[in-house]
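Written below as C-alpha cells is the structure these notes are about.
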Number of protein chains: 2
Amino acid sequence: MELDERKMTILRAIIQNYLETGEPVGSRTISKYTDLNLSSATIRNEMSDLEEMGYILQPHTSAGRIPSDKGYRLYVDMLMQDKQTEMDNLKLELNAKSEKLDNILKEAAKVIAVNTNYASLITAPRYHKHRIKFIQLTQVDPESLLAVIILEGNIVKNNLIHIDEELTQETLLKFNLMFNTFLQGLDLQEINASVMQKMRNESGGYSAMISDILDVIATSLESEEVEAYTSGSTNIFKYPELNDSAKASTLLSVLEEKKELTELMYQEGDSDRGIQVYIGDESPIEATKDCSVVTATYHIEEGVYGKIGIIGPRRMDYEKVVGTLRNLMTELDQIFRKDKE
Amino acid sequence: MELDERKMTILRAIIQNYLETGEPVGSRTISKYTDLNLSSATIRNEMSDLEEMGYILQPHTSAGRIPSDKGYRLYVDMLMQDKQTEMDNLKLELNAKSEKLDNILKEAAKVIAVNTNYASLITAPRYHKHRIKFIQLTQVDPESLLAVIILEGNIVKNNLIHIDEELTQETLLKFNLMFNTFLQGLDLQEINASVMQKMRNESGGYSAMISDILDVIATSLESEEVEAYTSGSTNIFKYPELNDSAKASTLLSVLEEKKELTELMYQEGDSDRGIQVYIGDESPIEATKDCSVVTATYHIEEGVYGKIGIIGPRRMDYEKVVGTLRNLMTELDQIFRKDKE
DNA sequence: TATTAGCACTCATATGGTCTGAGTGCTAAC
DNA sequence: GTTAGCACTCAGACCATATGAGTGCTAATA
C-alpha cells in the first residue's frame with residue numbers, strides 16, 4: 001500500500017487534532033476538519049489503511065485513532081525539513097552588565113518552560129576539555145587560601161583551601177607565578193604526575209601544600225557532574241495523560257535527579273546544533289517512555305557546548321518547540337559572542 | 001471540661017495511630033491499642049469529649065476520628081519540651097578538604113529528605129549584613145576583569161566585568177589597593193554615595209570604570225534572592241492525602257519557586273536555633289495548608305545563619321523530624337566550626 | 001472503481017441502586 | 001463510672017443498565 005497525498009493529509013489532520021485535544025479523533029471529525037470533502041465512511045476506509053501501515057492506532061475497539069510513534073516520527077521528520085518556522089522572538093531578560101553563566105542558563109530554562117508549557121532542562125557547558133586560562137591564589141585569612149581558576153570560555157571556579165601555615169606575600173607571588181607557568185593552557189588530563197612532580201621540586205619546602213592545592217584544583221575541574229538547571233517541571237500536570245500520580249512521580253524524580261537526562265542529552269554528542277527529537281519509546285530512559293524529549297545544542301566556542309532539553313507529552317507541539325529552540329540557540333549564541341567581544 | 005491524664009493518653013494514642021496509618025482511628029482500635037483496659041464504649045465517650053474540646057474531629061459521621069490542628073499542636077508542644085529524643089546519628093558525607101558551601105547545603109538537604117521521607121529546603125546564609133573581607137580584581141583577558149569578593153564567613157562571590165580598555169599591571173594594583181582600603185569591613189548599606197565619590201576622585205581618570213565595578217559589586221552583594229536548595233520533593237507522592245494532582249501540583253510549584261517558602265522561613269528571624277512547627281493552616285502560605293512545615297536555624301557565625309525546612313503531610317512524624325533536625329544542626333555547626341579553625 | 005449511506009456492533013463511561021462494614025451515639029444495666 | 005447492646009449513618013464496593021461516540025461491513029450510487 002502506498003502513502004499517497006490524501007493519506008498524508010488525513011494523517012496530518014489526525015495528528016494536529018490530537019495534539020490540540022488529547023482525545024482520540026474519529027472519522028467524522030476529520031471529515032469536517034479537513035477540506036477534502038469526503039464522507040466519514042471514506043475517511044474510515046483511509047484510516048483503516050493508515051492503521052494497517054502503522055501510522056495510527058486505536059486505544060480500544062470503539063474509540064477514535066491516535067498517532068503511533070511511527071506516525072509522530074513521520075510528522076516530525078516532515079516538520080524538520082520544512083522551512084524555518086518563524087516564531088515570536090523571545091528575549092532573555094538579562095540586565096546586569098556581567099551576567100554570570102549560571103544566571104543566563106537559569107533564565108533560559110525558565111523562558112523555555114514558560115513559552116512552551118513543558119518542562120525544560122539546561123546543562124552548563126562541559127568542563128572536561130576546558131583549558132586553564134588563569135589561576136589566582138589569594139590569602140584570605142591566616143588559615144585559608146582562595147584559589148580562583150578561570151577556564152577558557154570565562155568559566156570561573158573558586159575554592160577555599162585550608163592551610164596550616166601562613167604564607168608571606170612573597171611566597172604567594174611565587175606560587176601564583178608557578179601555577180600559571182605550569183598549568184596555563186592545560187586541561188585536566190594533561191595535569192599528570194610528571195607536571196606535578198616538577199612543581200613540587202620547585203616548591204622550596206612547600207611540597208605538601210602544593211600537593212593539597214593541586215588536589216583541590218583537580219577535584220574542582222573534574223567534578224564529573226555537569227551543572228544542570230530545570231524549570232517548569234510542574235507543567236507536566238497540565239497534560240492529563242501524564243497526570244496520574246505514578247507517572248508524574250517517576251517523571252518528576254528524573255527531573256529532580258537530572259543526571260540521567262543529562263546523559264541522554266550528551267550521548268548524541270555535538271551534533272552541529274541539530275535538534276534531536278525522541279518520541280516515546282525512542283528515549284532510552286524508562287521514565288520518559290510516555291513522553292517526548294527534544295534536545296538541542298548551544299555553542300560557547302569551539303568544542304565547548306551545552307544542551308537544552310524539553311520534556312513534554314508525546315502529543316507535544318513539535319512545531320512550536322522546534323521553533324522556540326532554534327530561536328533560543330541564536331539568542332544564546334549572540335549573548336556568548338557579545339560576551340567575548 | 002478538663003483534659004485529664006486519661007484523655008491525654010487517648011489523644012496521644014489517636015495521633016500516633018493516625019500518623020502511622022493515615023486512616024481515621026475508631027474507638028475499638030484505641031481500646032485495644034492502649035493499655036488502659038477500657039471498652040470501646042468508654043473510649044467513645046472520651047472521644048466525644050475530646051471532639052467537643054476541639055482536639056480531634058470526624059471527617060464524616062460514621063468514620064473514626066483524626067487529630068485536629070489543635071490536637072497536633074498540643075502533641076507537638078508536648079514533644080518539644082520533652083527530653084532530647086535521641087536519633088540515629090546522620091553523617092553528612094563530605095569528603096574533599098575544601099567543600100564549598102553550596103555542596104554542603106545540597107548534601108544536607110538530601111540527607112534530610114532521604115532520612116525523613118519528606119521534602120526539604122535549605123537556604124544559604126543571608127548576605128545582607130555581611131561585611132566585605134577582601135576584594136581582588138584580576139585582569140583575565142584584555143576585555144574582562146574578574147572581581148572576587150570575599151565576605152565574612154568566607155563566602156566567595158565572583159563576577160566578570162567587561163572593560164573597554166586594558167589596564168596596566170600598575171593601575172590594577174592601585175585599584176586593588178583602593179578597593180580594599182575603602183570597602184573592607186563595610187556592608188552593602190555602608191557603600192553609599194560619599195564613599196563612591198571619594199573613590200572616583202582618587203581614580204585618576206578611570207572614574208567611569210570605577211563606577212562600573214562598584215555597580216557590579218553592589219548588585220552581586222544585594223542579590224535579594226537567597227540561594228536555596230530543595231531535595232526529595234517527589235516524596236510528597238508517598239502520602240495519599242497529598243497525592244492528588246491539584247494538591248501535588250501547587251505544592252511542587254511552591255517547592256520549585258522556593259521564594260515563598262524561603263520567606264516563610266526567614267520571617268520568624270533568628271530564633272535561637274529554635275525549631276518552629278507550622279501545622280496546616282498555621283502556615284501563611286496557601287499552598288501548604290494541607291501540610292506541616294518544620295523549620296530550623298543553623299549558625300555559621302554571629303548574626304550569620306541559614307534555615308532548613310521540612311515539608312510533609314499534616315500527619316508528619318514530628319518526633320523523628322524534630323530529632324533529625326536537631327541532629328543536623330549540631331552536625332552543621334561542627335562542620336562550620338572546623339571550617340574556621 | 002471510488003465514494004457514500006445505512007446499519008449492526010463494540011465498548012468506555014456515566015448513572016443509579018443495593019449491600020457491606022466500620023464506626024458512631026444513645027440507653028439501660030452493672 | 002463503666003460497659004453491653006442496638007439502631008443508625010455513611011463511604012465505598014459492586015452490579016446492572018443506559019448512553020453515545022466510534023467502528024467495520026455491505027449494498028447502493030456516481
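Naming: A, B, ... by sequence-line order, numbering from 1 per chain.
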Check: So do the side chains of A:L252 and A:F237 get within less than 4.5 Å of each other, counting heavy atoms only?
Finding: yes
Item checked: Heavy-atom side-chain contact between A:I10 and A:Y55 under 4.5 Å -> no
Notebook entry, point to check: Do A:Y278 and A:T288 have a side chain donor and acceptor closer than 3.5 Å?
Noted result: no
Next item on the list: Could you tell me whether A:R73 and A:D77 have a side-chain N and a carboxylate O separated by less than 4.0 Å?
Entry: yes
Margin query: What residues from residues 4-42 of chain B pass a heavy-atom cutoff of under 4.0 Å to DNA chain C?
Written below: B:G26, B:S27
Output the rounded distance in Å from [atom1] ([X]) to [atom2] ([N]).
{"X": "B:E52", "N": "C:dT24", "atom1": "CD", "atom2": "C1'", "result": "16 Å"}
{"X": "B:N45", "N": "D:dT2", "atom1": "CG", "atom2": "P", "result": "9 Å"}
{"X": "A:R44", "N": "C:dA8", "atom1": "CZ", "atom2": "P", "result": "15 Å"}
{"X": "A:H60", "N": "D:dA21", "atom1": "NE2", "atom2": "P", "result": "13 Å"}
{"X": "A:R65", "N": "D:dT23", "atom1": "CZ", "atom2": "C1'", "result": "7 Å"}
{"X": "B:E51", "N": "C:dG23", "atom1": "CD", "atom2": "P", "result": "15 Å"}
{"X": "A:I66", "N": "D:dG22", "atom1": "CD1", "atom2": "C1'", "result": "14 Å"}

Notebook entry, point to check: Taking the inter-plane angle between the rings of B:Y318 and B:Y75 on a 0 to 90° scale, is it parallel (under 30°), tilted (30 to 60°) or perpendicular (over 60°)?
Noted result: perpendicular
[X] has a side chain; which of [options] sits nearest to it?
{"X": "A:S62", "options": "C:dT10, D:dT3, C:dT24", "result": "C:dT10"}
{"X": "A:Q58", "options": "D:dT23, C:dC11, D:dT9", "result": "D:dT23"}
{"X": "B:M47", "options": "C:dT24, D:dG24, D:dA11", "result": "C:dT24"}

Margin query: Against A:S31, only a single residue in A:N37, A:L38, A:T42, A:I43 fulfils side chain to side chain contact (heavy atoms under 4.5 Å, CB included); can you say which?
Written below: A:I43
